[in-house]
Amino acid sequence: MMKILKDASNHTLLVVLCMTMSACSVAPWERGNLAKRNMLISPNPAHSSLRAHVFESKEASSGGSGGAGGGCGCN
Amino acid sequence: MRILLLMLFLTFSDSSVMALEVDDLSVSCPAIMEEEKVPLNLQKFRGKVIYLDFWATWCPPCMKSMPFLNSLRNELVEQGFEIIAISVDEEPEDARKFLRQYPIDYLIAIDSTGQCPKTYDVKAMPSAYFIDRKGVVRYIHLGFREGDKEEIRRRVLELLAENEGK
């Protein structure tokens with residue numbers, strides 16, 4: 001019985017630990033790599049812009065493709 | 001079990017407990033002065049008003065602040081004002097390359113280890129610590145926008161007016 005309880009507490013701790021690992025923050029001065037161009041969701045803006053233009057022409061609608069903002073942590 | 005508890009402790013332990021705040025005495029940190037290749041020693045600058053700036057080449061507002069800071073420094077250097085700009089680029093060569101392209105007159109230090117921003121608990125990029133003639137952090141300015149120029153200038157002039165000539 002004690003062994004089962006001990007195992008259960010160990011597993012619970014492991015699960016809590018795994019869940020909290022996602023809460024680790026990136027400090028403002030550590031965002032150099034995140035600010036690199038190849039970290040963009042869309043690494044080729046010209047290509048994305050062309051695709052958006054074609055899409056808007058075909059669908060007669062625009063927007064809904066995300067918001068502004070980067071990941072460099074500036075300001 | 002002990003290892004798991006240790007890991008939990010490390011996960012939640014707060015490294016910013018010793019962070020510097022306003023009215024604290026400024027401390028030196030292991031940044032290397034670019035010109036002299038010696039560790040940054042803020043004691044050496046006692047008697048001067050220091051603008052300790054944390055910047056990086058990947059930070060557009062940092063770049064934007066540099067021409068203004070350079071002109072402010074050159075205007076007030078005779079009155080005992082100096083700027084020490086600590087680059088926190090992971091690759092020191094990025095900062096050097098940038099500075100070769102856009103030279104500035106104030107002092108540059110490089111800390112690619114992240115120890116200095118950790119010591120000062122930098123909360124945004126750029127961050128500036130206004131240090132008075134006695135070495136006390138008097139004001140912390142986060143970020144840089146066009147509208148900040150007047151405030152930065154005013155605060156520097158205020159600090160320069162204190163204990164003038166001492």
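Quick note on labels: first sequence line is chain A, next is B, and so on, each numbered from 1.
Taking all atoms of both residues into account, the shortest heavy-atom contact from B/Trp58 to A/Gly32 is NE1-CA, 3.2 Å. Pairing each heavy atom of A/Trp29 with each of B/Val88, the nearest pair is CB-CG2, 3.8 Å. The minimum heavy-atom distance between A/Pro28 and B/Ala124, with the atom names listed, is CG-N, 3.9 Å.
With rounding to the nearest 0.5 Å, the separation of CD in A/Glu30 from CE in B/Met125 is 11.0 Å.
The hydrophobic clustering, which links ILVMFWY residues whose side-chain heavy atoms are closer than 4.5 Å, places B/Val77 and B/Leu69 apart. There is no path of hydrophobic side-chain contacts, each under 4.5 Å, that joins B/Tyr120 to B/Val136.
Other residues, nucleotides and ligands contribute only 12 or fewer heavy atoms inside 6.0 Å of the NZ atom of A/Lys58. At most 12 heavy atoms of other shown residues, nucleotides or ligands fall within 6.0 angstrom of atom CZ in A/Arg51.
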